[in-house]
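First up is the structure itself, then whatever we jot down about it.
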Amino acid sequence: MNPAVWLFVIFAGLLALGVPVAVSLGVAAVGVVWSYQLGMDAVVAQNFYASIKSFPLLAIPFFVLAGVILKRARLADRLVRVFSMLVGRIHGGLAVVGVLTAIFWGAISGSGPATTAAVGVVLIGAMQRAGYSAPFAAAAIACSADLSIVIPPSIAFIIYGNLTSTSVSTLFIAGIVPGMVMGGFMLLAVYLISRRRGYRGSLVEEGGSTSLLRALGEASGAILAPVIILGGIYAGIFTPTEAAVVAVAYSILVSVVFYRSLTLEGLVESLVEASVLTAMIMFIVAWAGLFSWTGSVTGLIDSVASWLIGATDNPYAMVLMVAVLVLALGMVMDPISIMYLVVPILVPVIQRLDLQPIWFGVTFVSALAIGQATPPVGVNLFTAAGLVDEPVDVIAREALPLVAAAVIGLVVIALWPSLSLLLTD
Amino acid sequence: MASMRRFALDEWLCAVLLALMTAIAFVNVLGRYLFGYSLAFTEELTLNFFVYVVLLGAGIGYERMVHPRFTTLLDRLPRRLRGGVIVLSYLLGAGLFLVLVWVTALNVYIDVTLFHTHSPALGLPVWVYDAPIGVCVLLALRRMWRGMRRELALLGDGGDGRRRDAGARP
């Protein structure tokens, strides 16, 4: 049998058996490299380490760490209070607050599960006490946390930029408007569902201040974070990796000086948590790197790419086709593995059809983002399910209308490239 | 500081390495913008630390069950078969770690006997960076062992055995 076919069959088989995605990719690649004597000692070690030892990817642990520290400073609570004063009283107020907070947190964190956890911990309980069903509350947070990888900073853009040699800074800036567009559709969906179900507006239980100004003041640490992170990138001062380091420094400063919430023990705990979350991402990156190397050597990538190029030469049709493929893969895989599986195939397609790379990248990542909340494998759904102790499929059912809203947003982003290019030159 | 004792060796290593990575990178940012210089040789240290953090963290991630996976089919298997598949899955994961150590050791052996390469920036023999990988993998394998026992115990505790915490935990 063709080694390319083996590569794919072993991977799919292991994935179906519940072997972690990273291990499935690694075993398939190592197996093929081994049996077709593609050079175990040189190839495996080189690829594994080279995938990790990349300066641009260092932005990942730093952004993750900044997010973990700011989460510990209970900044999500403070944001919730501000949004709840602004819109809490309308129908489905708390759900709307949840979506707004998750969107905003997306400008602090670059990972969907991290946002689900940070915002979910604060809001899901409050929503339940206000009469929302737990699965709906969890679904609303999980789906709006999708946008964390469309709104900068974004781990997905960092990796996509790295794989396609596209500027990560430009992708970051380009993601802002499309993120808002998808967020708008999500807000509308949450509002309409809440209205129909009669979820009343309410305020989060008061513990802190009552004036909006004071609430804003208390949340300023959170509100300033994106300004510092994105402002530096937008002004061309920082590279994404530098901005991420500055974000860590900022988060420590804010936690220690402003909120007095960070102890030494808390810092160690944050470092460990950030290490584990980073490792989870990079473990996939490293084995997926070897997998795509094997895929290109065995000709798997070329044959799929030329098939794709032959399918259509209309850029919009191509982008929609890719979006559908990514949405389908998003049901059974996490965004990062999909990226390594699909992007090497897409690079020749982008060149051949001369597609606008920023628009294509933003649309691609928006489709990936939705996959974080689609069953059976939705990383945000898993995280949200852990928070409310409900089975994933119950939450997934509640997520369906919100996923549909996000897909409408995706189509809008795909068909109007100007949305992605609005803020870039 | 009794509470600090609850962190295990690999957790301490992760914390210290990541803290060093951040500190080095931050000093470089300051250096570049305030004084116009950067310590290019530090990139070598930072990137190697990154590799150790990934290996150690991946191990801890096994015990915390954070690695994304597709369990829909697995959940529907009879319990005994499910146990077998889980063991197989851990064996494959451990096998990958061992392959990694093996190919790394092979490269180190070729290098110290043949090429005597030194790292580009700090001029250290390359095995200095490769040697800790063995330690990281050893610590990761210990975590995997505990993760597997935990997962098998969850299977046997009479519940439906369904894992709900497969995603990243808060």
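Letters A, B, ... are given to chains in the order of the sequence lines, protein chains preceding strands, and every chain is numbered from 1. Remember, predicted model here, so these are calculated numbers, not experimental data.
- If you measure heavy-atom distances from B/F7 to chain A, the contacts under 4.5 Å come from the side chain alone.
- Only the side chain of A/V248 comes within contact range of chain B, judged by heavy atoms closer than 4.5 Å.
- In this structure, chain A has a heavy atom under 4.5 Å from the side chain of B/E43, while its backbone stays farther away.
- Contact annotation for B/I110: only side-chain heavy atoms (C-beta onward) come within less than 4.5 Å of a heavy atom of chain A.
- The aromatic ring centroids of B/F50 and A/F55 lie 6.0 Å or more from each other.
- Between A/V272 and B/A15, the shortest heavy-atom contact is CG2-CB, 4.2 Å.
- Nearest heavy atoms, B/R69 versus A/G18: NE-O, 2.9 Å.
- When each of A/P375, A/S111, A/A16 is checked for heavy-atom pairs under 4.5 Å with chain B, A/A16 comes out on top.
- When side chains are defined from C-beta on, A/Y49 counts as touching B/I133, because their heavy atoms get closer than 4.5 Å.
- Counting all heavy atoms, side chain and backbone alike, B/V103 lies closest to A/A45 at CG2-CB, 3.8 Å.
- Within 6.0 Å of CZ in B/R149 there are 12 or fewer heavy atoms belonging to other residues, nucleotides or ligands.
- Proximity to chain A involves both the backbone and the side chain of B/T22, based on heavy atoms less than 4.5 angstrom apart.
- Taking A/M333, A/K53, A/Q46, A/M282 one by one and counting their heavy-atom pairs under 4.5 Å with chain B, the maximum is reached by A/K53.
- Looking at A/L267, neither its backbone nor its side chain comes within 4.5 Å of chain B, counting heavy atoms on both sides.
- For B/Y90, no part lies near chain A; criterion is any non-hydrogen pair under 4.5 Å.
- Scanning all heavy atoms of the two residues, the minimum distance from B/M21 to A/L58 falls at CE-CD2, 3.5 Å.
- A/F283 places none of its side-chain heavy atoms less than 4.5 Å from the side chain of B/L96.
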*Please step through side-chain contact (heavy atoms from CB on, under 4.5 Å) for the pair B/Y33 and A/V246, ending with a clear verdict.*
CA-CA 12 Å; B/Y33 289 104; A/V246 171; over 6 Å; no
*Give the C-alpha distance, both sets of side-chain angles, the deciding distance and a yes or no for side-chain contact (heavy atoms from CB on, under 4.5 Å) between B/W12 and A/V268.*
CA-CA 8 Å; B/W12 272 117; A/V268 176; 3.9 Å; yes
